[in-house]
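The structure under discussion appears below in the form of structure tokens.
Indexing begins at 1, ligand by ligand and atom by atom, following the structure's order.
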Amino acid sequence: MAYIISDECISCGACADNCPVDAISEGDGKYVIDAEKCISCGACADTCPVSAPSEA
Ligand code: SF4
Ligand code: SF4
């Protein structure tokens, strides 16, 4: 199961810098997680100031 980023995302970019497998990139209006790469480590959720990432 991969993590997903909700519409709460404010596109700060902090999660992308902390993802160990480089699965997060800037999308249209919010950041997005590549489900093929995500190993569900939870680092993005721990880093996010608005708790946008969560386990799908
Ligand atoms: Fe990257 Fe871990 Fe977040 Fe998946 S859960 S997107 S591997 S930081
Ligand atoms: Fe969006 Fe949170 Fe990632 Fe910042 S840390 S880009 S608010 S999901």
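Listed here is the closest heavy atom pair of V21 and I39: CG1-CD1, 4.0 Å. Across C9 and A52, no two heavy atoms sit closer than the pair N-CB, 3.7 Å. Heavy-atom minimum distance, C44 versus I24: CB-CD1, 3.7 Å. The shortest heavy-atom contact between Y3 and C38 is N-SG, 3.4 Å.
The parts of C38 lying near ligand 1 are both backbone and side chain, judged by heavy-atom distances below 4.0 Å. Residue contacts with ligand 1, taken as heavy atom pairs separated by less than 4.0 Å, do not involve N18 at all.
Near atom 2 (Fe) of ligand 2, less than 2.8 Å away, sit the protein N, O or S atoms C48 SG.
Heavy-atom contacts of V21 reach the following atoms of ligand 1: 7 (S) (cutoff under 4.0 Å). Counting atoms of ligand 1 from 1 in the listed order, those under 4.0 Å from a heavy atom of I24 are 6 (S). Every atom of ligand 1 with a heavy atom of I39 under 4.0 Å away is listed here by number and element: 4 (Fe), 7 (S). Residue G13 approaches ligand 2 through these ligand atoms, each under 4.0 Å from one of its heavy atoms: 4 (Fe), 6 (S). Listed by atom number, the atoms of ligand 1 under 4.0 Å from I33 heavy atoms are 6 (S).
Contact of the S6 side chain with the S54 side chain is not registered, since no non-hydrogen atoms from C-beta on lie closer than 4.5 Å.
In this structure, the separation between SG on C15 and CD1 on I33 is 6.5 Å, given to the nearest 0.5 Å. Here S51 contributes atom OG and I5 contributes atom CD1; the two are 12.0 Å apart, rounded to the nearest 0.5 Å.
Closest to atom 1 (Fe) of ligand 1 among all protein heavy atoms lies C19 SG, 2.3 Å.
Every pair tested for salt bridge (charged side-chain N to carboxylate O under 4.0 Å, His left out) that includes a residue from residues 36-48 fails, sequence neighbours excluded, so the list is empty.
A donor-acceptor pair is defined here as one N or O able to donate and one able to accept, closer than 3.5 Å; no such pair exists between the side chain of K30 and the backbone of I10.
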List the steps and the verdict of side chain to side chain contact (heavy atoms under 4.5 Å, CB included) for Y31 and S11. CA-CA 6 Å; Y31 273 57; S11 295; 3.9 Å; yes
